[in-house]
Number of protein chains: 4
Amino acid sequence: MCGIVGMVGVSAVNQRIYDALTVLQHRGQDAAGIMTSQAGELFMRKDSGLVRDVFQQKHMLKLLGNVGIGHVRYPTAGADSANDAQPFYVNSPYGICLGHNGNLTNARELTEVLVREDRRHLNTRSDSEVLLNVLASELQRVGTPRVTAADIFAAANAVYRRCRGGYAVVAMVIGHGILGFRDPNGIRPLVVGRLDDAWVLASETCAFDLIGARVERELEPGEMVVIDERGARFSRTDVRSGSLCVFEYIYFARPDSVMRGRGLHEVRRNLGKQLALEAPVAADVVIGVPDSGTPAAVGYAEGSGIPFGEGLVKNRYVGRTFIQPDQALRERGVKLKFNALRSVLEGRRVVVVDDSIVRGSTTRKLVQMLFEVGAREVHLRVSSPPIVSPCFYGIDMADQDELIAAGRTVDEVRRRLGATSLAYLSLEGLETATGPADGFCRACLTGDYPTEIPVDMRLAKLRFEGPPVPVEIR
Amino acid sequence: MCGIVGMVGVSAVNQRIYDALTVLQHRGQDAAGIMTSQAGELFMRKDSGLVRDVFQQKHMLKLLGNVGIGHVRYPTAGADSANDAQPFYVNSPYGICLGHNGNLTNARELTEVLVREDRRHLNTRSDSEVLLNVLASELQRVGTPRVTAADIFAAANAVYRRCRGGYAVVAMVIGHGILGFRDPNGIRPLVVGRLDDAWVLASETCAFDLIGARVERELEPGEMVVIDERGARFSRTDVRSGSLCVFEYIYFARPDSVMRGRGLHEVRRNLGKQLALEAPVAADVVIGVPDSGTPAAVGYAEGSGIPFGEGLVKNRYVGRTFIQPDQALRERGVKLKFNALRSVLEGRRVVVVDDSIVRGSTTRKLVQMLFEVGAREVHLRVSSPPIVSPCFYGIDMADQDELIAAGRTVDEVRRRLGATSLAYLSLEGLETATGPADGFCRACLTGDYPTEIPVDMRLAKLRFEGPPVPVEIR
Amino acid sequence: MCGIVGMVGVSAVNQRIYDALTVLQHRGQDAAGIMTSQAGELFMRKDSGLVRDVFQQKHMLKLLGNVGIGHVRYPTAGADSANDAQPFYVNSPYGICLGHNGNLTNARELTEVLVREDRRHLNTRSDSEVLLNVLASELQRVGTPRVTAADIFAAANAVYRRCRGGYAVVAMVIGHGILGFRDPNGIRPLVVGRLDDAWVLASETCAFDLIGARVERELEPGEMVVIDERGARFSRTDVRSGSLCVFEYIYFARPDSVMRGRGLHEVRRNLGKQLALEAPVAADVVIGVPDSGTPAAVGYAEGSGIPFGEGLVKNRYVGRTFIQPDQALRERGVKLKFNALRSVLEGRRVVVVDDSIVRGSTTRKLVQMLFEVGAREVHLRVSSPPIVSPCFYGIDMADQDELIAAGRTVDEVRRRLGATSLAYLSLEGLETATGPADGFCRACLTGDYPTEIPVDMRLAKLRFEGPPVPVEIR
Amino acid sequence: MCGIVGMVGVSAVNQRIYDALTVLQHRGQDAAGIMTSQAGELFMRKDSGLVRDVFQQKHMLKLLGNVGIGHVRYPTAGADSANDAQPFYVNSPYGICLGHNGNLTNARELTEVLVREDRRHLNTRSDSEVLLNVLASELQRVGTPRVTAADIFAAANAVYRRCRGGYAVVAMVIGHGILGFRDPNGIRPLVVGRLDDAWVLASETCAFDLIGARVERELEPGEMVVIDERGARFSRTDVRSGSLCVFEYIYFARPDSVMRGRGLHEVRRNLGKQLALEAPVAADVVIGVPDSGTPAAVGYAEGSGIPFGEGLVKNRYVGRTFIQPDQALRERGVKLKFNALRSVLEGRRVVVVDDSIVRGSTTRKLVQMLFEVGAREVHLRVSSPPIVSPCFYGIDMADQDELIAAGRTVDEVRRRLGATSLAYLSLEGLETATGPADGFCRACLTGDYPTEIPVDMRLAKLRFEGPPVPVEIR
């Protein structure tokens, strides 16, 4: 997961791109970057850290120009925060910068071709740098001395041919404008917005609300847009049916964003209502796991008639563990994230609603914490179906053998978590709340991937210590 | 507002003081500091910024010892974040460090005496440094070559005689142990806790939950405690009736803290319930202003039977405004903090519950934002009575002429805010939820201050441009 | 002026490149950088500041590999120290880094072609980035999938065809090795050295002494060398007669370097001896302007029989002027750099030897300082002829109208400087000490430039407020 | 060794103290600090590093006031550069800052008394902090509410009674002015200077030259001066005969400083002349070990009639060794500091003059380097007698068993160093050049200490592995 922004206006874009990145910060807190361009000059600032820490007054004063792109990065295993901060940049041809949300599944073989045939050097192990260099190579091939929108569309079409996986991209071609595109399956989101005097691209619509833009429309799967000072032009590749990551609906995107015309807070409340229908239970209070579980909890409360309460306080200023922890320090575990409210929970039968369970280790400690402050029963309700397969499209959740639901029955999971009862939303229930299943990538719930996954990647993430289970076969 | 921590244990205290400060971070995000002591050596780290930014691995490794104190600082006008970071330190007598939550009302005259008679130099304009030097002067006077708990109590009693205002204090006397005390009115809170092998002091009990301590008891108004390796000894001055700041109940303290035996989340939900009784209204949904308004909103929903909903999303990663804002940037105003959920609010009659209104400028924009996404009616409900007088005890909320409720009727305020209706909780309703009024400082609601306020301070904050109103006279 | 280093070895090169840069630091104190390569990966560290400040332990540990290049940068007007730090890098083709000593006279027109025809983006106003992109474009054109030494020589030959001015260059082609070359006039120096297991390139031989290398030979004007793990191959373009910058002999290079087989300390002592023959004077003591004037002063003392003395102490730790200086601060002027020794100078007739006079402002204050401590006579002797024309090849000394000797007689200069007498070395005397004039660029002394200078550059530097003087016409 | 400055003027002192510290930087490159005072407020900046790195524009702008002190620190074993940076500060009584050059021999017992009786906490292991607290304790005892010069003199007299060793001190008493004093033996220097509108104190007169001050006079051993806005008052304790450290003459102080009316460059040249008389040799060239050996080499050349030459180039930009050095890196040894000039030395009989030899390890490599570039003979001449005893007064040169001359004959030393011949200046010859021996501390040359040395200190530094030698007995 990452967040991307692009903007072309008639006045300085630095503050607005910065504002948009703060709103998209939930998509990545690892690193941030902005590149802008003016009169053929390029200005860049990127580093590891939050948006508010990376950009200081002295940096903003230098980010000149009325065109630019921005990126917030999600930490992934093995990445070097500072060096892998995006956007990336190459100076040939034309000067191109790029920010990327998603994951390429054929990055390894693309790298080989880039080095061997396109004679390009890659500085990092980031697949985003691979994507940039594929785009650059193609633009080198098709580009005319003064690059045109047609050249850029041609190069982006070649990217579609070469790059597999999930990717939403903003790129800036210096001296021309910006390019945005979504992969042919549309796994990662990208929206086009307008201000009176400017065009803007962003991962989510909530970024538009702050900067005062209105939604023009979502890019379709396989759709490209080139924006320069004369406006926006759109083009589209032959596309498969769209496969938007269903977890954008369930968890990733902000509740105040709108995707495919649906407000996500509403979607999540409906997931909770549906869950109340499918898995009712006699209880005294419904609580959510803050912040992401709250909308579904409110929905569950509505659907069940059981009153909603706040039973967990989230620690907003989590620190680090510096020293070799002794037993007492280790035990504080989940307490670093939450504190339970005895007055709400003591002696009560409690329904706890969360949006999903991945490994289950935090959930187990959370259940224990609720019992410790006196909850009489703890009924766990999950507003998504069990996660049984890993993601290859940019969500570094876990390998398959780490997923608590992979290869286990619901009751086996319940016992591991120590809950009084456990219920997941059904795949059908999910469809009721989100709309038709064939518009979504639900691979992590079904093992059914919308693109081919190379053998090396499958082996890396689909490993089990025990005998293989059915989900592996897909 | 600030947060303070002190700890004496049989093992290293650095990580636990750090943990406690992260939990108390809501009491001050401006600066943070820890001092520890071992074998007569003192170790210090303090700087402006959040706890997680101020302390790095290299600092923690040097904060040696099984005794220490910590502080998080609330920004106050005119303060120099880095230089005014606490704890403060003097090397004579003995070496004393001190962290302070509150405000002295006679700091100016104390300073004169310290310089003239006690021949001490003050480096900052912080009243906390004044307090430390009063304590040091008194300990110089009464202290024996090897300082004892009796010496320390004698010095702290002298502090009570000299210092006016509200103050909760932790101090470390190097080579001896730590001292905690609350002012005779008990305006600011301080709690004593225990682990198996350690004693701990903190502003709020929520700090104990994370580090695994249990509440021993709250310090009484005018009570002192000296903790060294042999344990804790308590002593008490002649005290006035306690006057705990009522806003600790209404807003400041974390909802998962317990004060005077009451869970604050419960208190706030009851404030909301009481408000529903006092000021009912026909509406479709009750929303809170996150995060602090949510418990009262849940209570209002319970009390009124109107469903609770999430209508506002809080921006967790607020950035800065770097450039001279144009009109469009200025207008985003409250959007930097919140975004409104159209799907929850459109076409609805909305009850918005907030814990308090100070100047009203944010609230006015918030009301406007709700109407903009389609709310049909906006009924503002405030879970505290109107704030009509400034605070002289450490809450730098505003001068009197900035308080929207000072000198105005409720309907005048409503019109300024643009709400469909407005109701505050009554002083009697407040008492119902908090317990007897005479245990609290409610000066900001009544103008009735528990201590004398020097004329110069009154003039500074109690100024009006128009003709004087009654509250000024007190 | 700048200093460059390149190295290919069988073990890590980071410490040795670092060592060599410290020895070449006199060629540039503005910024420093090292790039190394290992297994196709590139490592870089560069920043403004001295070598000892730019490189810390954490940087050195990451500069892996047995091939690398380094650079120290001389400050030039309008440059951004940090951004313009070298080496520069492009990722296409192959990945190329480059460090450059000198100046291109046709950088402006090269830039236009690079942007328009080669479709490359330039990030800085540095002519070194221009040079790198010319090399990259040519290598793009001629390079084979697996780049060979022949490809690199072909590209460097194209650089000779396109680039005008003075340039000594080290470049690293990632995955292959390093390239060194000097411009066809050989204006800037570059030497090839060997260790048992490594090849090394450096601006001066003094860098070899520290790292234990022996001189293999100087690169000839227009000569290129490609060094990879199999050794060094040389190639040469059609060249004009060599024109080594004569100021490398007089002032720039370290006295312990050897150029064209001559030790520069010896050369400078001979300049002083020759000056004693040409311009004798009756005096009591000969002093040099430290550090660079000392060898010539020792030579003058030898040649004249007047004893050598130390009359000036150089301040090794010069600071900055922070505040708006009042009269007293302004007057300290030259005292920031030197202090005069009364005991050596009082009542004496003093010969002061300096290597050159550019603007003359420091010299004037120096003469005044000598009189102030009691010198009876101050005889100024300059071990080079008058500087009358600006340099276009990388020595940013001054525009023509700032040169004190341009358009003035020696006696006019003497009066401005306030000296008892003044004599410069003659052009013939210079030749006696350096060897034949036609092997040198002496344009700043004669106005006779070895390459064509574009009109725009001439206009920029050859401006006069008064009527034009002959040197302008060339 | 350290450098100290104090200044009282009618205008801002920050730039001038800064300038003076840059000139005194040769006395300590480890850390630097300035404290100034204005209207009872104190301003401080100190850190590890050179003066030019420690003070930036933002710091200087805050160092307000027309009174202040400064310090440059010499690195000593076990010190923490940043924490031990001076000046030190205590806030009681009055607020006092202090900078110190020298060493207390009874710091350990003073510390015990300070903690036990004066009830003061010491934060560092620096004896300068001890000295400050002794001064503060005494001023606490004798000081009146408004401190007077008489109070300060009384306290400083008490310091004389309590503190043993060598110390030159500047202190600032906030709200009053500055105090300077030298220990009763006058081991460390301190000079009083004047500008038209200001008084200044500094370790050496060279600091006055830059800031335009004239020497008023040196403080006598045991003399104190208090300077405030009304001028300077002097006072003197009963003193022993003066014992200025003779190495201030031989090596430490800058050659352009004047001590006891003698210019030190002149003194050192005379040491060289005297050495030429005592230890003549047939040779072709005389070279000095730069920079400190050069004046004596010039004197030796004068005295012997053998021409002076520059045979060694000093590396001005020495770097660090980062990695585990292999054999080749280890061997570069002395080359990091110097490079030898083959053209001056090859085939010659060389006299090398240095000011002193401590451990001899650098000298041995230097001799070897001279032979390597072809010197035929290397005659080592040292312009001071053999160093045979350690220093307890602030020069952390070496323990006794590390001194190459301790317990060895001159010929044994010569063989260890590999020189053709070796001669030291005689004690009598030293006296000829410096003036009467009884005005100097020459303990490192004779083992005869001007103050009593506590047993624990003697044991720490006077240890031998072999049987004791005569010098130990003193």
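Each chain gets a letter, A, B and so on, in the order its sequence line appears, and its residues count up from 1.
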In terms of heavy-atom pairs under 4.5 Å, which option from [options] contacts chain C the most?
options                               : result
D:Asp196, D:Leu312, D:Thr294, D:Val51 : D:Thr294
D:Thr22, D:Asn315, D:Asp53, D:Asn339  : D:Asn339
D:Leu50, D:Asp209, D:Leu61            : D:Asp209

With a 4.5 angstrom heavy-atom cut-off, could you sort out which part of [X] is near chain D: side chain, backbone, both or neither?
X        : result
C:Arg342 : neither
C:Leu210 : both
C:Asp291 : side chain
C:Pro307 : neither
C:Val318 : backbone
C:Leu21  : neither

Exercise for review: With a 4.5 Å heavy-atom cut-off (strictly below), which parts of residues 10-20 of chain D touch chain C? List them by number.
Suggested key: D:Asn14, D:Gln15, D:Arg16, D:Tyr18, D:Asp19
**Study point:** Minimum-distance pair of heavy atoms, taken over all atoms of C:Pro255 and D:Leu341
**Key:**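 Looking at all heavy atoms of both residues, the shortest contact is O-CD2, 3.5 Å.
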Exercise for review: Below 4.5 Å from any heavy atom of chain C, which atoms of D:Arg262 appear? Answer side chain, backbone, both or neither.
Suggested key: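 Neither part.
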Review point. In terms of heavy-atom proximity below 4.5 Å to chain C, should D:Val298 be classed as side chain, backbone, both, or neither?
Key: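 It is the side chain, since no backbone atom gets that close.
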Exercise for review: Would you give the length of the straight line joining atom CG of D:Asp256 to atom NZ of C:Lys314, rounded to the nearest 0.5 angstrom?
Suggested key: 14.0 Å
Point to revise | Approximate separation, where rounding is to 0.5 Å, of C:Gln56 CD and D:Phe322 CZ | key: 8.0 Å
Review point. Are more than 12 heavy atoms from other residues, nucleotides or ligands located less than 6.0 Å from atom OH of C:Tyr251?
Key: no
Check your understanding: Out of C:Arg316, C:Met60, C:Glu266, which one racks up the most heavy-atom pairs below 4.5 Å with chain D?
Key -> C:Arg316
Check your understanding: Taking every heavy-atom pair that is under 4.5 Å apart, which of C:Arg52, C:Arg320, C:Glu302 has the most such pairs with chain D?
Key ->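 It is C:Arg320.
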Point to revise | Contacts of type ring pair (Phe, Tyr, Trp, His ring centres under 6.0 Å), residue D:Phe338, not counting sequence neighbours | key: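 By the ring pair (Phe, Tyr, Trp, His ring centres under 6.0 Å) rule, D:Phe338 matches no residue at all.
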Review point. Passes side-chain contact (heavy atoms from CB on, under 4.5 Å), C:Arg269 versus D:Glu310? Steps please.
Key: CA-CA 10 Å; C:Arg269 213 170 57 180; D:Glu310 285 190 308; over 6 Å; no
